[in-house]
Participant: 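Quick one: the structure is below, questions incoming.
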Amino acid sequence: MSSNSNTEKFNWIQGFTVDFDFMSGLSKSAAVTNCRRVSDLLGVYLDEGATENLIEQGNPLVYEFYEMGAPESDAHLAFGTSITYPGKVGNEYFMTKGHFHTILETAEVYYCLSGEGYLLLENPEGDWSLQKISPGVMVYVPPRYAHRSINTGTMPLVTFFCFRGDAGHDYGTIETKGYRKLLVEKDGKPEIINNPKWKA
Ligand code: MN
């Protein structure tokens with residue numbers, strides 16, 4: 001896991017611009033960069049053996065994201081890009097950890113810039129939906145829904161996201177309970193299954 005932060009270089013009072021590459025999602029000047037390798041995702045994937053093998057075989061980068069470090073205020077907007085690389089752990093596609101917002105009643109939008117895959121949405125009551133994304137497609141993530149990016153393609157899956165500045169990230173609920181649903185590859189195609197490790 002790596003990250004760095006220099007929020008101060010942006011003028012949150014008078015406005016600013018920032019670069020994001022359309023294809024790669026990479027930014028030369030974003031305030032905060034985060035990288036997640038297979039070893040940062042222990043327990044996220046069902047297949048522990050496949051997870052260990054991948055770590056031994058070079059511990060590949062699964063996803064990274066760039067964000068601006070917005071002031072934690074409901075007046076501001078947090079935004080950035082998320083890049084999930086192609087690959088699989090066993091029969092599960094490379095995906096992000098997924099998170100709820102700390103302020104659960106806050107929404108988000110994701111706009112797909114390149115690649116293909118899905119956003120898997122799930123609320124605490126167990127309602128869920130799977131949203132297919134490809135370049136030019138925007139997903140509205142309603143308040144209360146955890147969200148996870150899943151790359152089912154062969155290219156990096158790149159999205160631009162934007163949400164309320166003070167919403168915050170709750171990774172712990174997903175780490176503890178898991179997702180109720182998982183997207184796995186079966187006969188060469190994505191298929192939703194119930195997560196056998198999900199804890200009520
Ligand atoms: Mn979010």
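Counting starts at 1 for both ligands and their atoms, in listed order.
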Participant: Taking the side chain as everything from C-beta on, heavy atoms only, tell me whether F163 gets closer than 4.5 Å to T106.
Facilitator: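 Heavy-atom side-chain distance check fails, nothing below 4.5 Å.
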Participant: Drop me the distance from Y93's OH to L120's CG, to the nearest 0.5 angstrom.
Facilitator: 13.0 Å
Participant: Determine which of the N, O or S atoms in H101 is closest to the Mn ion (ligand 1) and give its atom name.
Facilitator: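 Closest N, O or S atom of H101 to the Mn ion (ligand 1): NE2.
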Participant: Whether D166 and R164 form a salt bridge (side-chain N of Lys/Arg under 4.0 Å from carboxylate O of Asp/Glu) is what I want to check.
Facilitator: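 Yes, R164 and D166 are salt-bridged.
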Participant: For F22, I'd like to know if atom CZ has over 12 heavy atoms of other residues, nucleotides or ligands within 6.0 Å.
Facilitator: no
Participant: Name whichever N, O or S atom of E108 ends up nearest to the Mn ion (ligand 1).
Facilitator: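 Minimum-distance N/O/S atom of E108 relative to the Mn ion (ligand 1) is OE1.
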Participant: Using a distance threshold of 2.8 Å, state whether an N, O or S atom of H169 lies below it from the Mn ion (ligand 1).
Facilitator: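 No, H169 does not qualify, because none of its backbone or side-chain N, O or S atoms lies under 2.8 Å.
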